[in-house]
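Each remark here refers to the structure printed beneath this line.
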Amino acid sequence: MEVGKFKTLSFDYKDKDSKLVRFDVEAYYHSEADELFIKSLSITGDFFAYPPDIIFEFERYFSDKKVSCSSLDKISSDLSKLVNEKKALLVGIRVDIIIKALAYFCEKFKKKG
Amino acid sequence: MAEDKVFEDKSKTDINFNSDNAWRLLITKTKSYKEQMAIDEANIEVVASGKSPPIVRVCYFERPSVSIGFFQSVYKEVNVPLCAKLGVEIFRRMTGGGAVYKDPRREINYSFIIPERDERVSLNVFESYKIICGAIIKGLNEEFGINAQFKPINDIVVSGKKISGNAQTRRDGVILQHGTILLDVDYDQMFSLLRVPKIKVTDKKIASVKDRVTSLSAVLGRKVLFDEVERAIIRGFEDYFKIKLIPDELTKGELKRERFLLNYKYGTEGWNFWR
């Protein structure tokens with residue numbers, strides 16, 4: 001991984017119930033593999049999560065994570081599994097919102113190079 | 001020896017509150033709102049341990065503050081330099097939700113702590129918001145003759161405008177819900193200190209953030225006194241849950257725990273600025 005090419009991007013998503021989820025990623029896009037090398041993903045906002053630890057589990061999951069932009073289904077499945085294992089209740093944040101953020105980051109990185 | 005005395009004092013609670021329908025009423029006055037956060041956690045612990053019945057607490061504080069939700073980034077949500085310049089404290093709640101300006105002259109706050117398996121509330125988070133806000137709504141409507149209503153997930157509104165924000169967490173089998181009731185609003189101060197994201201305003205097609213928030217004074221067209229709102233909160237909980245609130249004080253054990261939590265958690269930069 002070429003450390004110098006890591007870039008930061010932000011994405012805000014507001015759900016219909018008016019909660020705001022803010023994503024900040026530090027990542028490097030590998031164009032040939034169509035993959036994001038995520039150094040860190042921060043998830044903040046005015047949502048609720050019970051238990052709160054589930055958000056940190058998500059963040060840990062993405063720490064130094066390679067994500068294939070063409071197959072985000074696997075990520076979705078992994079995150080849903082985490083939610084089920086923790087018996088977590090998410091209010092104002094959902095797994096599909098996180099996937100939306102990843103798709104956004106993939107697109108942005110593709111355009112920016 | 002001193003330690004023993006501190007915890008002996010907790011037996012006072014067992015003696016005074018021997019009925020399912022007698023809950024503790026605490027009125028706490030502090031300089032900083034951070035102390036109120038520490039009291040919340042100390043109260044959670046004592047209810048979780050079974051040594052205290054449910055607690056309704058009315059909170060007064062002296063210093064203007066900005067409160068941020070547990071998951072929020074302080075630098076994204078708050079104008080930190082302006083807060084520092086104006087001497088406005090910033091603190092992080094243990095509950096989720098959004099950032100709010102807390103004006104000690106214009107609001108009353110409450111905390112409610114109850115075991116989550118108590119059949120008078122609900123294990124379901126959405127339902128329990130509705131139930132607990134129902135007590136506040138009942139008190140406000142009966143005391144002031146207004147038409148406050150619950151707006152999911154966690155707001156109380158009058159004529160569609162938010163008059164009370166509420167947040168909840170669950171820990172050790174206990175629900176904590178705390179919230180704010182606005183007596184009046186200093187809109188300029190509120191929105192100068194908060195970085196309200198444009199996305200939150202435009203999505204609802206609301207021209208101004210001011211249109212989303214109201215206060216008891218604005219609704220009633222007169223100055224509203226703290227005593228009136230305190231009475232409404234007490235009346236609301238007693239009538240809604242059909243219980244009696246017994247005035248009480250923090251035990252020595254709770255006070256000791258509050259000091260510890262203030263010094264090592266809620267009063268620290270490590271907690272308040274950790275993200």
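The analysis underlying the following values was restricted to heavy atoms, covering all of them including side chains, and did not include hydrogens, waters or symmetry mates.
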Please determine whether the number of non-hydrogen atoms from other residues, nucleotides or ligands lying under 6.0 Å from atom [atom1] of [X] exceeds 12.
X        : atom1 : result
B/Tyr264 : OH    : no
A/Lys86  : NZ    : yes
A/Glu85  : CD    : yes

To the closest 0.5 Å, what do you measure between CG (A/Asp12) and NZ (B/Lys76)?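 Going from the CG atom of A/Asp12 to the NZ atom of B/Lys76 covers 5.5 Å.
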How far does CZ of B/Phe71 sit from CD1 of A/Ile43, to the nearest 0.5 angstrom?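 Between atom CZ of B/Phe71 and atom CD1 of A/Ile43 there are 10.0 Å.
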Can you confirm whether [X] sits close enough to [Y] that some side-chain heavy atom of one is under 4.5 Å from a side-chain heavy atom of the other?
X        : Y       : value
B/Asn154 : A/Lys19 : yes
B/Arg170 : A/Pro51 : no
B/Thr169 : A/Phe48 : no

Measure distances from B/Ala167 to the heavy atoms of chain A and classify the residue's part below 4.5 Å as side chain, backbone, both or neither.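 Answer is both: backbone and side chain atoms of B/Ala167 are under 4.5 Å from chain A.
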Contacts of residues 112-130 of chain B with chain A (heavy atom under 4.5 Å):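 Hits under 4.5 Å: B/Val125, B/Phe126, B/Tyr129.
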Between A/Tyr50 and chain B, with a heavy-atom cut-off of 4.5 Å, which part of the residue counts as in contact: side chain, backbone, both or neither?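 For A/Tyr50, the contact with chain B is made by the side chain alone.
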